[in-house]
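First the structure, in the form of structure tokens, and then the observations on it.
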Amino acid sequence: MAEEKKPLTRSEREAKIKDKAGWVITVIAALLAVNTYIANGNSSKILGNTIKANDTWSFYQAKSIKQSIAEGMLETTKDPKRRAELEAKIARYESDPAKGEGKKELLAKAQAFEKARDEAAKHGPWLTFASMAFQLAIVLLSASIIAVNNTMYKVSEVVAVIGVLLLGQGIWLWI
């Protein structure tokens with residue numbers, strides 16, 4: 001004789017969802033923490049490279065001003081020795097590979113900092129979207145426990161998987 005399966009009571013369904021959701025919330029919270037760590041590191045890279053680029057551009061501008069002043073002095077100087085000194089100084093302001101502080105070298109450094117900043121900035125939105133998905137998944141999981149709703153629980157898992165995909169995109173930029 002086949003035994004008839006009776007439907008679970010609300011307390012039994014609640015206990016079943018709580019068991020599953022507790023572990024899933026822990027995993028998603030850990031993923032959220034990892035995502036936050038990566039996003040903060042990325043933000044630091046963006047800020048650091050922005051500051052370095054700004055500092056380098058300021059140094060470039062200072063060199064340009066000094067070069068312009070030296071060029072003005074060169075136009076008014078008759079003394080051949082002083083003219084030679086000014087011409088050497090002007091050439092050094094334009095390019096100084098020994099110290100890496102000529103305008104040519106500073107231009108390359110500033111552009112490299114900007115490129116690194118722009119590259120890091122491409123990761124930011126994806127990491128933000130991943131964080132939002134993980135948070136939403138945690139909220140849905142919590143609500144599924146309160147509402148004793150298995151459908152909401154399954155939707156939260158889908159949202160968490162989307163968060164993982166977004167985190168992967170934020171790290172590797174595969175799309």
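Hydrogens, waters and symmetry mates are skipped; everything else that's a heavy atom, side chains included, is used.
- To the nearest 0.5 Å, atoms CD (Glu119) and NZ (Lys45) are separated by 10.0 Å.
- Residues Ala143 and Met152 share a closest heavy-atom pair of CB-SD, 3.3 Å.
- Between the side chain of Glu105 and the backbone N or O of Ser95 there is no donor-acceptor pair closer than 3.5 Å.
- There is no path of hydrophobic side-chain contacts, each under 4.5 Å, that joins Val148 to Val155.
- Leu127 approaches Asn35 most closely through the heavy-atom pair O-ND2, 3.0 Å.
- Leu86 pairs with exactly one of Glu75, Met73, Lys81 by the side-chain contact (heavy atoms from CB on, under 4.5 Å) rule, that one being Met73.
- Legend: residues meeting side-chain contact (heavy atoms from CB on, under 4.5 Å) with Lys66, ordered by chain and number and at least two apart, are Tyr93.
- In this structure, Glu12 does not pair ionically with Lys16, as no charged nitrogen and carboxylate oxygen lie closer than 4.0 Å.
- Both Ile162 and Leu173 sit in one connected hydrophobic cluster of ILVMFWY residues. Membership requires side-chain heavy atoms under 4.5 Å apart, directly or through other members.
- By the ring-ring contact (aromatic ring centres under 6.0 Å, His included) test, Trp57 is found to be paired with Tyr60, residues two or more places apart in sequence or in another chain being considered.
- In terms of modelled atom types and a separation under 3.5 Å, the side chain of Arg92 and the main chain of Gly102 share no donor-acceptor contact.
- A distance-only check finds a donor-acceptor pair linking the side chain of Ser68 to the backbone of Ser64 [under 3.5 Å].
- Both Val27 and Ile138 are part of a single hydrophobic cluster, where members link through side-chain heavy atoms under 4.5 Å apart.
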| request: Apply side-chain contact (heavy atoms from CB on, under 4.5 Å) to the pair Asn49 and Lys52, showing each step before the final yes or no. | output: CA-CA 5 Å; Asn49 284 316; Lys52 289 175 186 175; 4.3 Å; yes
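- The local environment of NZ in Lys20 is crowded, with over 12 non-hydrogen atoms from other residues, nucleotides or ligands closer than 6.0 Å.
- Leu140 contributes atom CG, which lies 10.5 Å from atom CD1 of Ile25 (distance to the nearest 0.5 angstrom).
- Using cut-offs of 30° and 60° on the angle between ring planes, the pair Trp174 and Trp172 is parallel.
- Between the side chain of Gln169 and the backbone N or O of Ile175 there is at least one donor-acceptor pair closer than 3.5 Å.
- Asp96 places no side-chain N or O within donor-acceptor distance of the main-chain N or O of Glu101, the cut-off being under 3.5 Å.
- Counting all heavy atoms, side chain and backbone alike, Leu32 lies closest to Ser131 at CD1-OG, 3.5 Å.
- A heavy-atom distance below 4.5 Å is not found between the side chains of Asn150 and Arg13.
- Remark: Thr50 OG1 to Glu114 CD distance equals 8.5 Å, nearest 0.5 Å.
- Considering all non-hydrogen atoms of both residues, Arg10 and Ile146 come closest at NH2-O, 3.4 Å.
- Using a 4.5 Å heavy-atom cutoff, the side chains of Lys115 and Asp118 are not in contact.
- Residues Val139 and Gln135 form no side-chain contact, since every pair of their non-hydrogen atoms from C-beta on lies 4.5 Å or further apart.
- Annotation for Ala133 and Val159: closest pair O-CG1, 3.2 Å, computed over non-hydrogen atoms.
- The hydrophobic cluster containing Ile28 also contains Ile17, counting ILVMFWY residues as joined when their side-chain heavy atoms lie under 4.5 angstrom apart, directly or transitively.
- Inter-residue side-chain proximity for Phe134 and Leu166 is flagged as unmet; no heavy-atom pair is nearer than 4.5 Å.
- Atom OG1 of Thr36 sits about 10.5 Å away from atom CG of Leu31, to the nearest 0.5 Å.
- Note that CG of Asp55 is 12.0 Å distant from NZ of Lys109, once rounded to the nearest 0.5 Å.
- The distance from atom CD of Gln67 to atom CD of Glu94, rounded to the nearest 0.5 Å, is 4.5 Å.
- The stretch residues 153-166 participates, sequence neighbours left out, in these side chain to side chain donor-acceptor pair (under 3.5 Å) pairs: Tyr153-Glu157.
- Under the 4.5 Å side-chain heavy-atom criterion for grouping Ile, Leu, Val, Met, Phe, Trp and Tyr, Val34 is not connected to Trp126 through any hydrophobic cluster.
- Using a 4.5 Å cut-off on side-chain heavy atoms (C-beta onward), Ile171 and His123 make no contact.
- When all heavy atoms of Ile46 and Ala120 are compared, the closest pair comes out as CG1-CB, 3.6 Å.
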